[in-house]
Protein chains: 2
Amino acid sequence: MDLLSSAGGAGAAELSEEQTLELIELLFFAYRDFTSDPDEILEGYGFGRAHHRVVHFVGRNPGIRVAELLDILRITKQSLGRVLRELIETGFVFQKEGDTDRRQRLLYLTESGKDLAQQLAAPQIDRIRAALSACDGDAHGFYRDVLFHLINAQDRANVRRLIVKPE
Amino acid sequence: MDLLSSAGGAGAAELSEEQTLELIELLFFAYRDFTSDPDEILEGYGFGRAHHRVVHFVGRNPGIRVAELLDILRITKQSLGRVLRELIETGFVFQKEGDTDRRQRLLYLTESGKDLAQQLAAPQIDRIRAALSACDGDAHGFYRDVLFHLINAQDRANVRRLIVKPE
DNA sequence: TAAAATATGTCAATATGGCTGACATAAATT
DNA sequence: AATTTATGTCAGCCATATTGACATATTTTA
C-alpha cells in the first residue's frame with residue numbers, strides 16, 4: 001500500500017488542484033451535452049427543462065406527493081406550480097387524492113406522459129450506454145459511486161431510497 | 001454507504017434501462033448539490049451561475065477570445081454580453097486587444113477576479129476530493145473517462161485541448 | 001483597392017424558470 | 001377547538017436565456 005495514500009480511499013492519493021479542476025470542467029461539459037438532447041425534444045412540445053424534471057420524477061415515482069417533488073427539485077412550490085399546471089392542462093400528468101391523507105395530491109403520468117418520459121429518456125440512456133461501452137472495466141460502478149458521493153452527505157440516504165427501485 | 005453491489009466488468013453486457021435511469025438521476029442530484037456551494041457565494045456578490053461560468057473559464061484560459069467563450073458556454077453573445085459587462089464594470093474581468101488580430105477582445109481576470117475564482121472553486125474541489133476519497137481504487141480515472149465520453153463525440157477533442165493544461 | 005467576411009458589441013422585445021410574500025382551503029393532528 | 005400540514009394561487013420581481021436587427025472596426029479575399 002502506498003505510504004501516501006489517503007485515509008478514505010483504497011490507495012488513492014489526493015488529487016492535485018489541477019486534476020480536480022479538469023473534473024469540474026468535464027462535469028460541466030458532460031452535463032451541457034447530456035441535457036441538450038431532451039432540450040430539443042421539449043421544444044417541440046413548448047416545454048422546458050423544468051417540465052422534463054417533473055415528468056421524469058413523476059414517471060419514476062408514480063403517486064409521488066407534491067412535497068416530495070419539491071424536495072427533489074429544490075425549488076419553491078410557486079415555481080413547481082406553474083410547470084405542474086401546464087403539464088396537467090396538456091394531459092401529461094394527473095392528480096389523485098391520497099388514500100389515507102385526503103389533503104395530498106398524488107401525481108401520476110397519463111399515457112401521453114409516459115410516452116413523453118420515454119421519449120426524453122431514450123437519448124440519455126443511449127448516451128450513457130455508449131459512454132460506458134467506451135470505458136474499461138467497471139466504469140459503471142465507479143461512475144455511480146463517485147456521483148453518489150458528490151451528493152450532500154445528509155441527502156444520500158434519501159436519494160438512494162428514491163432511485164433504487166425494488167423488484 | 002455503498003449504493004449497490006457492482007458487478008460490471010470489461011466487455012460487460014449493456015446496462016439495463018433501470019441501471020441507466022439510476023445513473024441519470026444520480027447525475028441530476030450530484031449536479032444539483034455540486035452547484036449549490038458556489039451559488040451561495042455568488043449571491044453575496046449579486047452574481048449568478050452565469051457569472052461563475054465566465055469567471056471560471058476566463059480564469060482557466062487567460063486571454064480567451066469572446067468567440068471561444070461563446071462556444072464553450074453555448075449561449076448567444078447577447079446573453080454573454082450582459083454578464084461580461086457586469087463582470088468588467090465591477091472589476092473582476094478586463095479586456096485586452098488582440099496582438100495579431102486587433103478585432104479581438106481577449107479576456108483576463110483581475111486580481112479580484114482571481115480571488116473570486118479561487119473562492120468559487122474551493123468548495124467544489126473539496127467536494128470532489130472527498131467523493132473520490134470515499135471511493136475505491138482508480139475512481140478518478142473512471143469518473144474522468146465516463147464524463148469525457150458523455151460529451152458529444154465531435155466536441156471531445158476541443159474539450160480535451162481546453163481542459164488539459166501544458167506544464 | 002474594393003468587397004466580403006470576421007470579431008465583437010448593442011438595442012429591443014420576449015420567454016422561461018426561478019424567487020419572496022401574502023393569503024386561502026381543506027384535512028389531519030393535537 | 002385550535003393548530004399544523006399539504007397544497008394551491010395571486011402578484012410582482014429577477015436572472016438568464018432567446019431571436020432579430022444593426023453597428024463598428026479590422027482582417028481577409030477577390
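Side-chain atoms are counted along with the backbone in the values below, which use heavy atoms only and exclude waters and symmetry mates. A, B, ... follow the sequence lines: proteins, then strands. Residue 1 opens every chain. In this text the structure is predicted, and so the values were computed from the model without any measurement.
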[X]: partners by salt bridge (Lys or Arg N to Asp or Glu O under 4.0 Å), with sequence neighbours left out:
X       : answer
R85(B)  : none
E43(B)  : none
E86(B)  : none
D145(B) : none

Between [atom2] on [N] and [atom1] on [X], what's the gap in Å once rounded to a whole number?
X       : N       : atom1 : atom2 : value
L69(B)  : dA7(C)  : CG    : C1'   : 14 Å
D71(B)  : dT6(C)  : CG    : P     : 15 Å
R102(B) : dT24(D) : CZ    : C1'   : 13 Å
K96(B)  : dT8(C)  : NZ    : P     : 15 Å
H52(B)  : dT16(D) : NE2   : P     : 13 Å

Inset, instruction - Can you sort out the partners of F92(A) under ring-ring contact (aromatic ring centres under 6.0 Å, His included), two or more places apart, ordered by chain and number? - result: Y45(A), F47(A)
Inset, instruction - Answer yes if I75(A) and V83(A) sit in the same cluster of Ile, Leu, Val, Met, Phe, Trp and Tyr residues linked by side chain heavy atoms under 4.5 Å apart, and no otherwise. - result: yes
Inset, instruction - Go along nucleotides 4-14 of chain D 5' to 3' and tag each nucleotide: B for a protein heavy atom under 4.0 Å from its base, S when only backbone or sugar atoms are that close, - otherwise. - result: -BSBBBB----
Legend entry - 5'-most by nearest nucleotide on DNA chain C - T76(A) or E97(A): T76(A)
Inset, instruction - Return each pair, listed once, that meets ring-ring contact (aromatic ring centres under 6.0 Å, His included) where at least one residue sits in residues 56-76 of chain B; pairs must be two or more places apart or across chains. - result: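 For residues 56-76 of chain B, and leaving out neighbouring residues, the ring-ring contact (aromatic ring centres under 6.0 Å, His included) pairs sorted by first residue read F28(A)-F57(B), F29(A)-F57(B).
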Inset, instruction - Could you name each residue pair satisfying ring-ring contact (aromatic ring centres under 6.0 Å, His included) that touches residues 114-155 of chain B, not counting sequence neighbours? - result: F142(A)-F142(B)
Dump the pairs, protein N or O against N or O of nucleotides 14-17 of chain C, anything under 3.5 Å, distances to one decimal.
| residue | atom | partner | partner atom | Å |
| --- | --- | --- | --- | --- |
| dG17(C) | OP1 | G48(A) | N | 3.4 |
| dG17(C) | OP1 | R49(A) | N | 3.0 |
| dG17(C) | OP1 | A50(A) | N | 3.4 |
| dG17(C) | N7 | R82(A) | NH2 | 3.4 |

